[in-house]
Asker: 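Take a look at this one; I'll ask things after.
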Amino acid sequence: MGNSGGTAMARATVEELRQFAAEAGFGAAGGGEEAAELGGGWVMLHVADQPAGGAAALSRRTGAPVITVAYLDSDVGFVEAATFAGGHWKALLNRDTAQDYGIPLDRFPVQPALEGALDWSAAAGLTADPAGVRTALTGSEPFAEDLADRLLTALGLDLA
C-alpha cells in the first residue's frame, strides 16, 4: 500500500512547523521520521492529512512561502503552494495516473502551475530550473513521491 499522507515544507524550525501545521488543521504523521531539516533553513514535515488551503494557512503563520504535497496512495501528488504576500498555485503530479483515477486534469492546467511555481521559487529566494519544473509537472513515475522530489529540487530546494 502506498503513501496517502503528505508533506509540508517551510522555512521554520521543526518545532515551529509542527505547531503551525497542527494549528492549521494538518494531521500529525505517526511513527518514523516525521520531520527533516533541509538546506537553507527549510524543514519538511510529514503529515497524515492536509486541509484545503493548508499551504496558505501555513504561509500566513510562517510569514514565508510554503509548499505542500498530498499523496493519493503514492500514485498521484496534489501540490499546493503559497506565499505570505498572497500568491498561490496548485499542480497535479503523475497526470496520466491521475486520469486513470478519474481526476479532471483541466482543474490542474500545467502552464499556470509552471508560472506560479517559478514565481513562488523567486519569492522564496530560490533559483528554479524552469525545464526541470515543467518535466516534474508533466512527467510520469511509478511513485508520485519521485516526481515531488524532482519538482522540489527543480524549484531550488536542497533535499540532500
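All figures in this text were calculated on a predicted structure; none of them were measured in a lab. Atom set for the values below is all heavy atoms of this structure, side chains included, hydrogens, waters and symmetry mates excluded.
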Asker: Out of curiosity, does Val66 fall in the hydrophobic cluster containing Val14 (side-chain heavy atoms, cut-off under 4.5 Å, transitive links)?
Answerer: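 Yes, Val14 connects to Val66 through the hydrophobic network.
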
Asker: How long is the span from the CD atom in Glu37 to the CH2 atom in Trp42, to the nearest 0.5 Å?
Answerer: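 Reported value, rounded in 0.5 Å steps: 14.0 Å.
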
Asker: Give every residue pair that meets the side chain to side chain donor-acceptor pair (under 3.5 Å) criterion with at least one member in residues 55-69, sequence neighbours excluded.
Answerer: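 Pairs touching residues 55-69 that pass the test: Glu23-Arg61, Gln50-Thr68.
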
Asker: For the atom pair CG (Asn94) and OG1 (Thr138), what is the distance rounded to the nearest 0.5 Å?
Answerer: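 Separation between the atoms: 11.0 Å.
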
Asker: For Thr13, what residues pass the side chain to side chain contact (heavy atoms under 4.5 Å, CB included) criterion, not counting sequence neighbours?
Answerer: Glu15, Glu16

Asker: How long is the span from the CG atom in Asp129 to the OG1 atom in Thr135, to the nearest 0.5 Å?
Answerer: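 Taking CG in Asp129 and OG1 in Thr135, the distance rounds to 7.5 Å.
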
Asker: Within the structure provided, determine whether Asp158 and Leu38 are in side-chain contact (heavy-atom separation under 4.5 Å).
Answerer: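 A side-chain contact is absent here, since even the closest heavy-atom pair is not under 4.5 Å.
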
Asker: Do you know the tightest heavy-atom contact between Val133 and Ala117?
Answerer: CG1-CB, 3.9 Å

Asker: Kindly give the heavy-atom pair with the smallest separation between Phe26 and Ala55, and that separation in Å.
Answerer: CZ-N, 4.3 Å

Asker: Give me the atom names and distance for the closest heavy-atom approach of Ala124 to Pro65.
Answerer: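 Reported closest heavy-atom pair: CA-CG, 3.6 Å.
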
Asker: Indicate if Leu118 and Ile67 have the same hydrophobic cluster label, given that clusters are the connected sets of ILVMFWY residues with side-chain heavy-atom separations under 4.5 angstrom.
Answerer: yes

Asker: To the nearest 0.5 Å, what is the distance between OH (Tyr71) and CG (Leu93)?
Answerer: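 If we round to the nearest 0.5 Å, Tyr71:OH and Leu93:CG are 7.5 Å apart.
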
Asker: Please determine whether residues Phe143 and Val47 belong to a single hydrophobic cluster, defined as Ile, Leu, Val, Met, Phe, Trp and Tyr linked transitively by side-chain heavy-atom distances below 4.5 Å.
Answerer: no

Asker: Any idea which heavy atoms bring Leu147 and Gly139 closest together, and the distance?
Answerer: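 Scanning both residues, the minimum pair turns out to be CD1-O, 3.5 Å.
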
Asker: Could you pull out the closest heavy-atom pair between Leu137 and Ala91, with the gap in Å?
Answerer: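 Taking Leu137 first and Ala91 second, the nearest heavy atoms are CD2-CB, 3.5 Å.
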
Asker: Quick check: closest heavy atoms across Ala24 and Pro51, and the distance to 0.1 Å?
Answerer: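 Scanning both residues, the minimum pair turns out to be O-CG, 3.2 Å.
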
Asker: For Phe108, check side chain to side chain contact (heavy atoms under 4.5 Å, CB included) against everything at least two apart and list the hits.
Answerer: Phe78, Lys90, Leu92, Arg95, Ile103

Asker: Tell me the side chain to side chain donor-acceptor pair (under 3.5 Å) pairs involving residues 112-126, sequence neighbours left out?
Answerer: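 Only Gln111-Glu115 qualify under side chain to side chain donor-acceptor pair (under 3.5 Å).
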
Asker: Would you compute the distance between atom CD of Gln19 and atom CG of Leu45 and round it to the nearest 0.5 angstrom?
Answerer: 12.0 Å

Asker: Which pairs pass side chain to side chain donor-acceptor pair (under 3.5 Å) with one or both residues in residues 96-109, sequence neighbours excluded?
Answerer: Asp75-Tyr101

Asker: Are Leu126 and Leu151 linked, directly or through intermediate hydrophobic residues, by side-chain heavy-atom contacts shorter than 4.5 Å (ILVMFWY only)?
Answerer: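 Per the 4.5 Å side-chain linkage, Leu151 and Leu126 are co-clustered.
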
Asker: Are the side chains of Thr7 and Glu145 in touch, meaning some heavy atoms are under 4.5 Å apart?
Answerer: no

Asker: Sequence neighbours left out, what passes salt bridge (charged side-chain N to carboxylate O under 4.0 Å, His left out) with Arg18? Give chain and number order.
Answerer: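 Result, salt bridge (charged side-chain N to carboxylate O under 4.0 Å, His left out) vs Arg18: Glu34.
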
Asker: Cluster question for you: counting only ILVMFWY and a side-chain heavy-atom cut-off of under 4.5 Å, with indirect links fine, are Phe84 and Met9 together?
Answerer: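 Looking at the clustering, Met9 is in a separate group from Phe84.
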
Asker: For Leu17 and Leu58: C-alpha separation, side-chain torsions, deciding distance, then whether side-chain contact (heavy atoms from CB on, under 4.5 Å) applies.
Answerer: CA-CA 8 Å; Leu17 190 53; Leu58 279 179; 4.3 Å; yes

